[in-house]
Amino acid sequence: MGQFFENLKDTFVLNFIQEDRWKFVTEGIKTTLIVTLCAIVIGVIIGIIVASVRSTYEKNKEEYAKRGGFGVFLLKVVNGICKVYLTVIRGTPMVVQLLIMYYVVFVSAKNGVPVAIAAFGINSGAYVAEIFRGGIMSIDHGQFEAGRSLGLNYFQTMVHIIIPQVIKNVLPALCNEFIALLKETSVCGYIAIQDLTKGIYIIIGRTYSYYMPLLVLAAIYLIMVMLLTWLVGKLERRLRSSER
Amino acid sequence: MSVNTKGLIVTEDLKKYYRNGEIKALDGINIEIDKGEVVVIVGPSGSGKSTFLRSLNLLEIPTSGKIFFEGVDITDPKTDINMHRRKMGMVFQHFNLFPHLSVMGNITLAPIKHKIQSKDEARENALRLLKRVGLLEKAEAYPSQLSGGQRQRIAIVRALAMNPDVMLFDEPTSALDPEMVGEVLEVMKELAHEGMTMAVVTHEMGFAREVATRAIFMDEGRILEQNTPQELFSNPQHPRLKDFLSKVL
Ligand SMILES: Nc1ncnc2c1ncn2[C@@H]1O[C@H](COP(=O)(O)OP(=O)(O)OP(=O)(O)O)[C@@H](O)[C@H]1O
Ligand SMILES: [Mg+2]
């Protein structure tokens, strides 16, 4: 038994203490969090915009068909672009999107982190958009009608009546998306970014020991996911308490 | 912009078709509603009552025809429909209160957003209206904490808070338990007595007889007969109306 713990300690020292290798872990966590958080922000912004365009178009199709004009034509075109975006992003692997972003779109990029943020943000935006669109569509149409019948315009109705209800409804699904995103950033190493996974990989390359670095890697992701879940849960409870 | 100076609401050959004319929800409605009138609309299910009412504030876009409200053609794409909707209160069968807002929030949202009243004025006005319908103590409650009858009274107050020139009611008591119908009708009767112009789709014949100035019978998207409620219900002419009344009375 004592032997076992002795071994454990030696392996730990070898992998994380010697030559300050723990720095790969802390630097990696930092990079992973930066990429994830920035991508979440970009994803939510893109998602809300795309979902708004799509549901605005769907909800007012009839009215627009009658009214016509350049604005309506423009909305139709933008709606089409959004559809293509959703299809392409959700139809191709994340790693492929990341590689294309790095080696094709931003060929001259020296630092991979902004490229990764863009790639993950654009990717996440597609999923967030569908979550929001589902949320908007699931709100009883009577809520729109009540808002509009009070003379609120479409935008005011969305902002003051629909979106607050949507956010509360989609929070669990959004949380899942954020968790998936956090885990998915582990492919950052493909474009030479030292995220958490890549950092651990570098340690393994130097120490040739596998089990401890990999278990630690899994544990750190798990802790980050649990933290994220806890945060969203707290937010959810706060939102709910405002209703009752 | 065409202008019509006759009644408060005038419709000219109003039509609403679905599925390229396969369904004629409204098939040429001509009506004039004057200020202070209380018009009750009856008719079998699917006759177009809701579609008619909802066309009046353009929740449904008419296929053709014109709607004049206070002399302005609101079907003209150039008119600002939001400005006119402020003057047309609407009460729905299923209340459609905003669940994320308190009673006070529900009532004051539109007046504040339209900058018609300051926050304080809007609150004061809301309290005055709540007192009138006997729900003053519910100002800070949420819709989920109210009974159906209370919710509908709040919905009426929410519409009234905009100081509308006309109130549209689409089966306001149909979703209520029988014992709660009375409290809502009471509020509506009071409104009628105060001279509010009202268009009401309802099956409540007693209400119609008591306060309506006119009753309209609709079937298959048309107005088949109209008269005072007493005459319309006691002395129907059209065979369809006779048939309808024999079923509901
Ligand atoms: N969005 C729609 N798409 C297709 N048909 C519709 C739509 N809305 C209404 N209709 C049809 O239009 C007709 C009139 O409907 P409407 O709801 O106005 O009737 P109603 O008199 O209010 O009936 P009820 O007493 O059941 O409420 C019906 O045949 C209905 O099926
Ligand atoms: Mg109806």
Side-chain angles (χ1 to χ4, degrees), chain A residues 56-75 132 135-172 174 235-244, chain B residues 16-18 50 53-54 56-64 75-78 80-102 105-114 116 141-145 155 158-164 167-168 170 175:
Chain A
T56 301
Y57 183 74
E58 265 169 61
K59 281 207 179 284
N60 301 308
K61 235 189 274 179
E62 197 191 345
E63 189 182 331
Y64 291 153
K66 188 141 190 248
R67 189 145 51 122
F70 182 70
V72 173
F73 172 75
L74 196 70
L75 184 66
F132 269 108
I136 292 171
M137 288 316 197
S138 74
I139 301 287
D140 177 13
H141 194 62
Q143 293 287 312
F144 275 95
E145 296 191 332
R148 299 307 302 272
S149 76
L150 288 166
L152 299 172
N153 63 30
Y154 181 84
F155 188 73
Q156 290 172 318
T157 306
M158 286 301 273
V159 169
H160 298 295
I161 297 166
I162 306 303
I163 301 289
Q165 296 183 56
V166 169
I167 288 178
K168 207 175 315 185
N169 291 351
V170 301
L171 216 53
L174 268 187
L235 186 63
E236 213 174 328
R237 273 191 298 281
R238 169 172 296 177
L239 284 177
R240 224 197 307 280
S241 73
S242 75
E243 189 161 312
R244 284 232 70 166
Chain B
K16 176 69 180 180
Y17 293 171
Y18 290 106
S50 295
L53 212 61
R54 293 156 51 78
L56 294 183
N57 66 355
L58 295 194
L59 284 183
E60 304 287 353
I61 311 292
T63 309
S64 68
T75 55
D76 186 334
K78 285 193 284 287
D80 180 0
I81 183 56
N82 293 321
M83 286 306 288
H84 292 286
R85 281 183 178 142
R86 295 183 190 185
K87 297 271 130 217
M88 308 168 114
M90 184 152 207
V91 175
F92 302 86
Q93 181 174 356
H94 295 286
F95 332 129
N96 298 351
L97 292 181
F98 308 132
H100 63 298
L101 297 177
S102 67
N106 267 272
I107 299 170
T108 57
L109 176 68
I112 293 174
K113 291 304 160 203
H114 291 317
I116 294 172
Y142 280 84
S144 58
Q145 299 164 320
R158 180 175 69 181
L160 287 176
M162 294 293 298
N163 262 328
M167 288 282 284
L168 311 172
D170 191 1

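All chains are named by letter (A, B, ...) in the order of the sequence lines, taking the proteins before the strands, and each is independently numbered beginning at 1.
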Distance from [X] atom [atom1] to [Y] atom [atom2], nearest 0.5 Å?
| X | Y | atom1 | atom2 | result |
| --- | --- | --- | --- | --- |
| B:Ile107 | A:Leu150 | CD1 | CG | 11.0 Å |
| B:His100 | A:Ile163 | NE2 | CD1 | 10.5 Å |
| A:Asn153 | B:Met83 | CG | CE | 12.0 Å |

Original post:
Less than 4.5 Å apart, any side-chain heavy atom of B:Met90 and any of A:Glu145?
Top reply: no

Subject >> Any side-chain heavy-atom pair of B:Phe92 and A:Ser149 under 4.5 Å >> reply: yes

**OP:** Heavy-atom distances under 4.5 Å only: say whether A:Gln143 touches chain B with side chain, backbone, both or neither.
**Re:**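 Backbone plus side chain of A:Gln143, per the 4.5 Å heavy-atom cut-off to chain B.
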
Between [X] and [Y], what is the shortest heavy-atom contact and its length?
| X | Y | answer |
| --- | --- | --- |
| A:Gln156 | B:His114 | OE1-CE1, 4.4 Å |
| A:Ala146 | B:Phe98 | CB-CE2, 3.7 Å |
| B:Pro99 | A:Gln165 | CG-OE1, 3.3 Å |

Looking at chain A, which one of [options] has the largest number of heavy-atom pairs inside 4.5 Å, strictly under?
| options | result |
| --- | --- |
| B:Met162, B:Lys113, B:Arg86 | B:Lys113 |
| B:Leu58, B:Asn96, B:Thr63 | B:Asn96 |
| B:Met88, B:Arg158, B:Lys87 | B:Arg158 |
| B:Leu168, B:Leu97, B:Leu101 | B:Leu97 |

Original post:
More than 12 heavy atoms of other residues, nucleotides or ligands under 6.0 Å from CZ of A:Phe73: is that the case?
Top reply: no

Subject >> Contacts of type ring-ring contact (aromatic ring centres under 6.0 Å, His included), residue A:Tyr154, not counting sequence neighbours >> reply: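 ring-ring contact (aromatic ring centres under 6.0 Å, His included) list for A:Tyr154, sorted by chain: empty.
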
